[in-house]
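Below, chain A is the first sequence line, B the second, and so on; all start at residue 1.
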Protein chains: 2
Amino acid sequence: MAKYHSEEEALKNYDTSKYRTPEGYTSDIAIFTLLPNEQYKAKDEKSSKYCLALMLIKRAGLDAEGEPNIEGNKWALPGGFTQIEGDKGSAFESAKRELLEETSIKGVHIKHFGVYDTFGRDKRGWIISNAHYAIVPEQHIQDRRAADDAAEVQLFTIDEVFKLDIAFDHRQIIEDAISSVKKDMQQTTVAKNFLPVEFKLEELRQVLLAVIDDNVVNTKSAFFRKAPSLDFIEEAKDAQGNPKVTEPTGKNKRPSKLYKFEEVEPVPSIWN
Amino acid sequence: MAKYHSEEEALKNYDTSKYRTPEGYTSDIAIFTLLPNEQYKAKDEKSSKYCLALMLIKRAGLDAEGEPNIEGNKWALPGGFTQIEGDKGSAFESAKRELLEETSIKGVHIKHFGVYDTFGRDKRGWIISNAHYAIVPEQHIQDRRAADDAAEVQLFTIDEVFKLDIAFDHRQIIEDAISSVKKDMQQTTVAKNFLPVEFKLEELRQVLLAVIDDNVVNTKSAFFRKAPSLDFIEEAKDAQGNPKVTEPTGKNKRPSKLYKFEEVEPVPSIWN
DNA sequence: AAAATAGTGTCTGTGAGACACTATGGA
DNA sequence: TCCATAGTGTCTCACAGACACTATTTT
């Protein structure tokens, strides 16, 4: 005669302890934005006005009880433990919450790009990290830095970042995050997340120049010829169906056409 | 906000037990191969000789103790719990081991494509699954099926697979695996994993036709014109530097040139 | 000669690459 | 009138799409 008479009873007696389970399950998030490029050369049409930057936090040297902190005084990606919230527990939700806490904004692009789970990556035990990147328009991060004390939150350009002392295996995660965001900028329309809904072609080109190295993007005339014919980009129209243009602002002396991204996501192919 | 950081440091440092930790950490693997296409129409140049297929296992109705098994009698992806082996614990290693157990082969293409970690996806607790796909040339799986009793291991074409009763959230994982492999076939040279090192262009075309829908691949003359000029494909040469050709085999009446993949990985762009 | 496999050839229009030129409006 | 910004125009050569044709060997 069977010991249990239903799946439910068997379930209660299921022995998960046969396997070692992780001691922690976390989400880390690489928050990217664009900063003004110090090396911008107006004469070089491949030079961008922007520069890709990453937000890091400085780990406290001492913890709340005054004891030396693990990986203290090093720079790290913002992150935290994943909890089961509202009957769900997912690293993606956790990353969204973390982003909200760090930048006070919702609804920006966030993408999972890797899992870091080798035993030994964290001295505290077997701690698994889900790595994400987020793209945040510059203004939002500036707001956040002004509101905060900001000593322990800082933006670094990707050249600066590798000169820092980085905690845990976050150096590797940061390298992977940069590869991932570059790849996505080349192969998807993520660039839209750095831009307002309606943008000038030159703005879009500046954003792309800052991150990727692409023949068409590098050549101004090629980009302006090609971009309007891409089927994921269209002209912004006003209520009367007329093309929208900018008002001249700042040093900009002439109006320019506005464009927006279509909903469709292109799939580039190596075969054509 | 500044206070928040130090609180979080303290939590990370001293009391990981405040957070619920996962009850299980597993790897699942979608093993793809190609089968002969029953619907092949020689007259239609878009029709492929092959058909994408997925290996599934049938979960036993009763467990080792004779009790009803969780999600018993349903089809599932092969997988298992991740253990710390040789001082490492990683889902990727675990997936490789699982693939070795299921197909007795090493060194094939295996790729992580997702994490499934919502609480409630498995009745046994908070069990996290790392999903991978693998590409295995047909012959290897046929060997494995012959050696095994094979009742519980079966290949299904992707049309057949969604008619089955699928365990856990594996239906979703399978959908994502198929999307992922299709995308990679379009954007990377993974197709090489279905082929021998040296192959005929028509063989490559048949493999691509079976999985993706691409203008150039669909059009025979376009593919034969384009493929030899792609910089990740080159002619196979013998020791004297002469192009290699096949011996006619089977119903094939004429020799054909052999090609191989270069080491370089192309990066397709949506901007050109 | 026919069948099967594995490719080529040819035509026409679209598009890429290079780079010089134009348009707008304010100081 | 000059500058800065944001684009266009023009030229040539190459490649893409359509689809018919060829080439090699066995039966």
Side-chain angles (χ1 to χ4, degrees), chain A residues 36-37 40-50 195-196 198-209 213-231 233 235-236 243-259 268-272, chain B residues 36 40-50 195 198-209 213-231 233 235-236 243-259 268-272:
Chain A
N37 181 6
Y40 175 59
K41 290 179 187 69
K43 290 156 198 164
D44 178 4
E45 72 169 24
K46 292 190 189 184
S47 170
S48 174
K49 290 177 188 171
Y50 302 114
L195 291 165
E198 298 182 345
F199 53 86
K200 297 181 269 189
L201 289 185
E202 183 61 13
E203 280 180 337
L204 170 58
R205 195 172 88 91
Q206 291 297 328
V207 167
L208 294 170
L209 276 175
D213 182 25
D214 183 278
N215 274 333
V216 169
V217 176
N218 286 343
T219 312
K220 191 172 155 180
S221 69
F223 186 77
F224 277 94
R225 182 161 28 80
K226 181 123 204 183
S229 70
L230 294 170
D231 59 6
I233 289 180
E235 284 187 7
K244 284 198 200 175
V245 292
T246 55
E247 293 306 308
T249 55
K251 287 197 242 173
N252 179 359
K253 311 302 186 195
R254 70 174 282 200
S256 47
K257 275 189 207 162
L258 289 173
Y259 289 82
S269 173
I270 62 172
W271 306 107
N272 61 38
Chain B
Y40 175 58
K41 290 180 187 68
K43 289 157 199 163
D44 178 4
E45 73 169 24
K46 292 189 188 186
S47 169
S48 174
K49 291 177 188 171
Y50 303 113
L195 291 165
E198 297 181 346
F199 53 86
K200 296 182 269 188
L201 289 185
E202 183 61 14
E203 279 180 338
L204 170 58
R205 188 170 158 267
Q206 291 297 326
V207 166
L208 293 170
L209 277 175
D213 182 25
D214 182 277
N215 274 332
V216 169
V217 176
N218 286 343
T219 311
K220 191 172 156 178
S221 70
F223 186 77
F224 277 93
R225 181 160 28 81
K226 181 123 203 180
S229 71
L230 295 170
D231 60 7
I233 289 180
E235 285 188 6
K244 284 198 202 176
V245 293
T246 55
E247 293 305 308
T249 54
K251 287 196 241 172
N252 179 359
K253 312 300 187 199
R254 71 173 283 199
S256 47
K257 275 189 208 161
L258 288 173
Y259 289 82
S269 173
I270 62 172
W271 307 107
N272 61 39

Among A:E198, A:K244, A:K257, whose side-chain contact (heavy atoms from CB on, under 4.5 Å) with A:E235 holds?
A:K257

Distance check, rounded to the nearest 0.5 Å: [X] atom [atom1] versus [Y] atom [atom2]?
X: B:K226; Y: B:S221; atom1: NZ; atom2: OG; value: 12.5 Å
X: B:D214; Y: A:W271; atom1: CG; atom2: CH2; value: 9.0 Å
X: B:N272; Y: A:L230; atom1: CG; atom2: CG; value: 9.5 Å
X: B:K41; Y: B:S48; atom1: NZ; atom2: OG; value: 12.0 Å

Of B:A222 and B:A42, the one whose closest DNA chain C nucleotide lies more 5':
B:A42

Nearest-nucleotide 5' precedence on DNA chain C, B:E202 against A:K220:
B:E202

Separation of atom [atom1] in [X] from atom [atom2] in [N], rounded to whole Å:
X: A:N218; N: C:dC19; atom1: CG; atom2: P; result: 15 Å
X: A:E45; N: C:dC19; atom1: CD; atom2: P; result: 10 Å
X: B:K244; N: C:dA6; atom1: NZ; atom2: P; result: 18 Å
X: B:L230; N: D:dC15; atom1: CG; atom2: C1'; result: 13 Å
X: A:F224; N: D:dT5; atom1: CZ; atom2: P; result: 13 Å
X: A:W271; N: D:dA16; atom1: CH2; atom2: P; result: 14 Å
X: B:N215; N: D:dA18; atom1: CG; atom2: P; result: 7 Å
X: B:F223; N: D:dC15; atom1: CZ; atom2: C1'; result: 17 Å

Minimum heavy-atom separation for A:Y50 and A:V207, please, with both atom names.
CD1-N, 4.2 Å

The side chain of A:S221 is closest to which nucleotide in this list: C:dG9, D:dG9, C:dA6?
D:dG9

Atom pairs, protein N/O to nucleotides 25-27 of chain C N/O, distance under 3.5 Å:
| from | atom 1 | to | atom 2 | distance (Å) |
| --- | --- | --- | --- | --- |
| C:dG25 | O4' | A:K253 | O | 2.8 |

Taking B:T219 for its side chain and B:V216 for its backbone only, find out whether a donor-acceptor pair lies under 3.5 Å.
no

Suppose we call a contact any N or O donor and acceptor under 3.5 Å apart; does that hold for the side chain of A:K257 and the base of D:dG7?
no

Give a yes/no answer on whether the side chain of B:K200 brings an N or O atom under 4.0 Å of OP1 or OP2 in C:dA6.
yes

Decide yes or no for B:F224 and B:E202: does some side-chain heavy atom of the first lie under 4.5 Å from some side-chain heavy atom of the second?
yes

Set out, line by line, the N/O atom pairs under 3.5 Å between protein and nucleotides 12-16 of chain C.
| from | atom 1 | to | atom 2 | distance (Å) |
| --- | --- | --- | --- | --- |
| C:dA16 | OP1 | A:K226 | NZ | 2.3 |

By side-chain contact (heavy atoms from CB on, under 4.5 Å), which residues pair with A:N218, not counting sequence neighbours?
A:K46, A:L209, A:D213

